[in-house]
Amino acid sequence: VKGSKVTCATPFAMRQAQKHKLFRIFAGDLPILAESAPNPRPRFGNCNALSAVPRNVLLDGHSPHGTLMLFPASFAAPQPDWPQPYRQVGFPLYDEDESAHLSPEMEAFLQRGPPPVVFTLGTAVVLMQTSFFDLAYQAVRRAGCRAVFLVGMKGHAVPEAAESDPNIHLAAYEPFSQLFPRCQAIVHQCGVGTTSQALASGRPELLVPFAHDQYDNAARVVRMQMGVEVPSQRLSVRRMSRALEQLLRQLQALARAVA
């Protein structure tokens, strides 16, 4: 909260978040712009239509004009205490470029062998320094499967051995809508964007929530029987390996059943 001190006892995710400008906005350290006129869409160039207010409009209250629920009822059913009026519109499935295709390097990797397991930390957690890909690499070697590590534009740290391993493909980014359906399983941090793309692909998920809504998202995916959860605070090579092997066994059993 505003004015709080960061100490070694502060959770890691919170310490990282407090470095980001958006956190300072949410905490109230920066002035927030809100609509002071009844018209929710002021004319361009009308500087008086927006003014600084003492409250945080992102956290304090809801818009009287309506609220968009960006998830389907199958993920979260309507609740009686939701702010009125609202409209539930489903997941806004998004790739950076709607016309994007997999890179030639990724396409070549996919065609060289069986479907891999994708490991990703989304767009926010990937900016933190974690042991995620170190543990992932050891778990992949135990499971004997191929893998894709999406390490982000800044290049999240990965084991040196993974960089030269022919069964591992490293990429900063690939469009989820194109990649996920061609993989065996998806291991991710449970941000709502990654979760929605993973659900749309129909592939099983290993859920590793770190903070915020990620725990709730993970719990909902588990209830939908689309994944298994290993919280990041309990993540280890053994736990990740067990969960990954469980998913792969289920896939093998399903393949035999429909053969």
Side-chain angles (χ1 to χ4, degrees), residues 8 10-20 23 96 106 109 115-176 179-180 183-199 201 203-219 221-222 226-248:
C8 60
T10 306
F12 176 78
M14 183 64 74
R15 297 200 305 271
Q16 293 295 316
Q18 288 189 338
K19 299 176 183 178
H20 199 281
F23 180 88
E96 285 192 0
M106 179 64 73
F109 178 77
V117 176
V118 176
F119 292 79
T120 177
L121 290 174
T123 57
V125 178
V126 75
L127 299 177
M128 303 177 184
Q129 288 304 314
T130 73
S131 60
F132 179 80
F133 288 110
D134 293 287
L135 301 177
Y137 183 56
Q138 296 179 64
V140 164
R141 295 188 64 186
R142 287 191 182 188
C145 61
R146 304 199 313 149
V148 170
F149 290 175
L150 298 179
V151 298
M153 298 303 180
K154 293 188 176 181
H156 193 290
V158 298
E160 185 176 346
E163 298 180 6
S164 57
D165 192 323
N167 289 317
I168 306 294
H169 182 75
L170 305 180
Y173 168 82
E174 295 287 342
F176 288 175
L179 177 61
F180 285 178
C183 298
Q184 286 196 79
I186 305 156
V187 185
H188 64 91
Q189 88 296 358
C190 308
V192 69
T194 307
T195 300
S196 60
Q197 292 277 18
L199 288 172
S201 75
R203 310 312 295 163
E205 305 169 46
L206 172 48
L207 310 154
V208 187
F210 280 76
H212 311 309
D213 63 325
Q214 296 169 7
Y215 296 97
D216 181 70
N217 295 336
V221 174
V222 170
M226 289 296 294
V228 295
E229 178 184 0
V230 180
S232 59
Q233 293 84 352
R234 302 182 59 209
L235 195 61
S236 65
V237 175
R238 181 177 62 85
R239 290 192 175 101
M240 181 179 279
S241 298
R242 277 185 173 181
L244 186 58
E245 290 167 1
Q246 176 185 339
L247 290 181
L248 297 180

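Computed over heavy atoms, backbone and side chain alike; hydrogens, waters and symmetry mates excluded.
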H188 and side chain to side chain donor-acceptor pair (under 3.5 Å): which partner among Q214, Q197, E205? E205
Min side-chain heavy-atom separation F176-L150 under 4.5 Å: yes
Decide if atom CZ of R239 counts as having more than 12 heavy atoms of other residues, nucleotides or ligands within a radius under 6.0 Å. yes
Report yes or no: does Y173 contribute a side-chain atom to a donor-acceptor pair with the main-chain N or O of G152 at less than 3.5 Å? no
For a quick test of reading the model, state the closest non-hydrogen atom pair linking F119 to F133 and the distance between them. O-CE2, 3.8 Å
Over all atoms of both residues, closest heavy-atom pair of P159 and D134: CG-OD1, 3.4 Å
Shortest non-hydrogen pair, A143 vs L248, comes out as CB-CD1, 4.2 Å
Spacing of D165 atom CG and Y137 atom OH [to the nearest 0.5 Å]: 3.5 Å
Any side-chain heavy atom of V230 sitting closer than 4.5 Å to one from M240? no
Got a second to check how far T194's OG1 is from Q189's CD, nearest 0.5 Å? 4.0 Å
Could you check whether any side-chain N or O of E229 sits under 3.5 Å from a backbone N or O of L207, counting only pairs where one atom can act as donor and the other as acceptor? no
Using a 4.5 Å cut-off on heavy atoms from C-beta on, say whether the side chain of P116 contacts that of F149. no
How close do A243 and L206 get, counting heavy atoms only, and between which atoms? CB-CD1, 3.5 Å
Shortest non-hydrogen contact from F109 toward N167: CZ-O, 3.6 Å
Would you give the length of the straight line joining atom CD1 of I186 to atom CG of L247, rounded to the nearest 0.5 angstrom? 10.5 Å
What heavy-atom pair brings P231 and V208 nearest, and what distance separates the two atoms? C-CG1, 4.4 Å
Rounded to the nearest 0.5 Å, how far does CD of E245 lie from SG of C145? 9.0 Å
Note, V117 side chain near V140 side chain (heavy atom, < 4.5 Å): no
To the nearest 0.5 Å, tell me how far S236 OG sits from Q138 CD. 10.0 Å
Once rounded to the nearest 0.5 Å, what's the spacing between atom CG of L121 and atom SG of C190? 10.5 Å
